[in-house]
Amino acid sequence: MPKDSIKYSAEQIQVLEGLEPVRKRPGMYIGSTDLRGLHQLIKEVVDNSIDEALAGYAKNIWVVLHEGDYISVADDGRGIPVEIHPKVKKSALEVIMTTLHAGGKFGQGGYKVSTGLHGVGVSAVNALSEYLVAVVRREGKEFFQEYSRGKPKAHVSEIKTGSNLPFATDFVWNATEGTKVTFLADKSIFSTISADFVKVERQLKQVAYLVSGIYFHLFDERSGSQKHFFFESGIATLIKQLNKNKVLIHQQPIIIRRVLDGVDVEVAIQYNDSFLENVESFANVVPTTEGGTHLTGFRTALTRAINDYARKVEALKERDDNLTGEDVKEGLSAVVSVKMDSDKIQFESQTKEKLGNAEVGSIVSQVVKEGLDTYFEENPSDGRKVLEKVILAARSRAAARAAKDAVIRKGALDGMALPGKLADCQNRDPADSELYIVEGDSAGGSAKQGRDRKFQAILPLRGKILNTERARLDKILEFEEIKALVIALGTGIGDMTDFSKTRYHRIIIMTDADVDGEHIRTLLLTFFFRYLTEVITRGYLYIAQPPLYKIQKGKNIHYAYSDEERDSIIKHLRGGGETAPDGESRGASVIISRYKGLGEMNPEQLWETTMNPENRVLKQVTVEDAVLTDEVFTMLMGDEVPPRKRFIQTHAKLATLDI
């Protein structure tokens, strides 16, 4: 069709008014429309209550998960204003609930410190809710307004008697003033509208660490569960949580807090005997997962302060090199939190994952440097313990760097120096290439024969790799299987890591569906989480799901990936008859085979069930809660036996063992 035959005029320009853009492109505002997106709705409403707490008005925040998937968030703050807004001639409550970029976070003295910068929070929740009601208590009166998919059902009205909720609830909102928002997410937009109690608990707990002195109450009327959080010491409690199950170098965390040039800086530091770093950073109570200027300022000050102290007590001689940032990272757990005027804070993206204020870096650096200088002067015993830990790390650095350089040099030779056991793919575009990390030579052989050579590479690993939770990097790289993996990935490792050079954007762990296979998978996940975390955060890491059963009736072959799927297939093949027991059975001419390992499948079967993109099932590995993930890896893979024993005893009855 000729280009000039297509009419392009003003009629083709779509204008989305009010909250229509949110419903049209929900992912732009809340990230996704799955369970994670649903929990983002809860966070957006909770953030409004937190702003009241940060402003010094709210002391309690309630979250209630009701029957029927309704969710309530309430506080005992001042209550959203309900009087008529002079500019738009509507109630201020309606304006806030139905207008993007409306609220008390854009100057005018509403909020000095705010968690929500972009102003799409509660209005986006309203737009994406099948039903929402906002209730406000102010000056002895109670007002409400109901909405459907972002549109008001009526004007803001005063509640005279009784409850205005469309469902029964036992929740009692003990506040004379405040705001309560109850919503039902729109099931035509979300894949699930049922909130996860444990995930909400984690959300609230993280915030409770950072907003000390505020009570958080979580109720689940569906199950009767409830949790309450109150941390008077704030980040001091969080740092202890980060170091749970770890052996501490000094027992009491170093706490530094100071307001400088309008920026409230809070830092907690505590060293443990591990070889890894765990640092959490926040800006206005928002997790900055990509760091930013506040984290850079902290690292600079920490390195300078430890070097100055080492020189002062002559732990470092004149001829010695300075300790590096890598040295002071080893075994470091830290929390860095800044709060500042909401109209001055700058994030580098809509998702607020990286702080961009240049001036904050120097402010944090000054506060931390002066705080550490004072602490080391007043606590020389703890100062010495920190120095011993850091200097030991420095002495190990030369050996570790030599090992890393060897790996990086080999990796730089590209295909010529790739591990001999790697069957690489023909494709050179990482976005279209995938690497299967396969347990054992037998399964590796089947995978190499069954794969699509154009885009699938195979790396078989022999036996169980080293537990990287318990070893320093130089020792890890002496382990041939890990060295082969690092070279194959192309990322490098340690301080020389460059994830832009990752050779495959789908890295798939494929192990047997038995206890040994699960152990190998856990060892690999430990390595990726501790040393190549960005492979996970970039979304490159997956776990293959090979079938558990082959079910055959005559010439028809079916594969089942779970017991439920097995039962469903058998029932269908038998025309609705009873299911067969585990193991092998020839009842009603149906043969059921339980796969114990990948090696039992021939190349064609392995391709069809586990490697063919059209049929396979992959689980993407993600990290939703870094603190909890760190705690679990420490407990399961670390040196301390008692926490692991308690975990096994607690969860033993939940395990499904295939022995």
Side-chain angles (χ1 to χ4, degrees), residues 19-47 63-73 116 118 120-132 149-150 181-207 218 220 222-223 225 286-287 289-290 349-353 505-509 525 529 533-545 561-562 564-565 613-629 632:
L19 296 178
E20 288 181 64
V22 185
R23 293 187 60 80
K24 189 77 173 177
R25 296 284 185 269
M28 291 179 59
Y29 295 89
I30 61 168
S32 66
T33 55
D34 54 10
L35 183 62
R36 187 178 302 181
L38 177 67
H39 283 263
Q40 183 64 29
L41 296 188
I42 300 173
K43 181 183 181 300
E44 295 290 353
V45 187
V46 169
D47 281 351
V63 177
V64 188
L65 310 180
H66 303 284
E67 295 284 356
D69 295 322
Y70 288 88
I71 299 166
S72 289
V73 177
H118 302 290
V120 299
V122 74
S123 58
V125 177
N126 195 10
L128 300 174
S129 295
E130 181 180 319
Y131 171 84
L132 185 144
R149 296 180 171 89
V181 173
T182 301
F183 67 93
L184 176 67
D186 192 338
K187 55 180 173 290
S188 69
I189 290 178
F190 291 91
S191 58
T192 177
I193 61 170
S194 182
D196 184 301
F197 179 82
V198 174
K199 291 182 184 295
V200 179
E201 177 189 347
R202 291 174 191 163
Q203 282 180 272
L204 295 181
K205 193 172 185 180
Q206 184 182 61
V207 174
L218 172 61
D220 190 343
R222 304 167 303 180
S223 64
S225 301
V286 176
T289 54
E290 294 183 10
S349 66
Q350 174 78 12
T351 52
K352 297 184 276 190
E353 293 176 340
H505 287 185
R506 283 182 301 280
I507 302 162
I508 304 164
I509 300 172
L525 289 173
F529 180 69
T533 313
E534 201 167 322
V535 165
I536 301 175
T537 58
R538 287 182 177 221
Y540 295 166
L541 191 61
Y542 297 83
I543 296 173
Q545 299 294 294
Y561 295 82
S562 66
E564 292 77 16
E565 189 176 2
E614 294 184 5
N615 300 331
R616 69 187 179 188
V617 178
L618 296 179
K619 288 184 178 179
Q620 189 174 39
V621 179
T622 60
V623 178
E624 292 188 4
D625 187 329
V627 175
L628 179 64
T629 307
V632 169

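What you see is a predicted model; the values in this text were computed from it and never measured.
Listed by chain and number, the residues in a side chain to side chain donor-acceptor pair (under 3.5 Å) with Gln620 are Tyr542 (sequence neighbours excluded). Considering only residues two or more places apart in sequence or on other chains, Ser129 meets the side chain to side chain donor-acceptor pair (under 3.5 Å) condition with none of them. Under the side chain to side chain donor-acceptor pair (under 3.5 Å) criterion, Glu130 pairs with Lys187, sequence neighbours left out. With sequence neighbours excluded, the residues satisfying ring-ring contact (aromatic ring centres under 6.0 Å, His included) with Tyr70 are Phe167. Partners of Glu67 by salt bridge (Lys or Arg N to Asp or Glu O under 4.0 Å), not counting sequence neighbours: none found. Legend: residues meeting salt bridge (Lys or Arg N to Asp or Glu O under 4.0 Å) with Asp186, ordered by chain and number and at least two apart, are Arg23, Arg149. With sequence neighbours left out, the salt bridge (Lys or Arg N to Asp or Glu O under 4.0 Å) criterion links Arg202 to no other residue. In terms of the side chain to side chain contact (heavy atoms under 4.5 Å, CB included) criterion, residue partners of Glu201 (sequence neighbours excluded) are, by chain and number, Phe197, Leu218, Lys227, Phe229. Under the rule for a side chain to side chain contact (heavy atoms under 4.5 Å, CB included), the partners of Asp196 that lie at least two apart in sequence or sit in another chain are Leu35, His39, Val198, Lys199. With sequence neighbours left out, Arg36 forms a side chain to side chain donor-acceptor pair (under 3.5 Å) with no residue at all.
Of all the heavy atoms in Asp34 and Phe190, the pair that sits closest is O-CD2, 4.0 Å. Listed here is the closest heavy atom pair of Ala185 and Ile193: O-CG2, 3.5 Å. Counting all heavy atoms, side chain and backbone alike, Leu38 lies closest to Ala195 at CD2-N, 3.7 Å.
Thr537 is not listed as a side-chain neighbour of Val623, based on a closest heavy-atom distance of 4.5 Å or more. In this structure the side chain of Leu541 never reaches within 4.5 angstrom of the side chain of Thr622, judged on heavy atoms.
Without hydrogens or angle criteria, Glu44 side chain to Gln40 main chain gives no donor-acceptor distance under 3.5 Å. Remark: side-chain polar atoms of Ser32 are paired, donor with acceptor, to backbone N or O of Gly37 under 3.5 angstrom.
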Pair Arg616-Ile508, side chain to side chain contact (heavy atoms under 4.5 Å, CB included): steps then yes or no: CA-CA 12 Å; Arg616 69 187 179 188; Ile508 304 164; 4.1 Å; yes
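With no hydrogens or angles considered, no side-chain donor-acceptor pair links Ser194 and Thr192 at under 3.5 Å.
With respect to the salt-bridge test (charged N to carboxylate O, under 4.0 angstrom), the residues Lys24 and Glu20 do not qualify.
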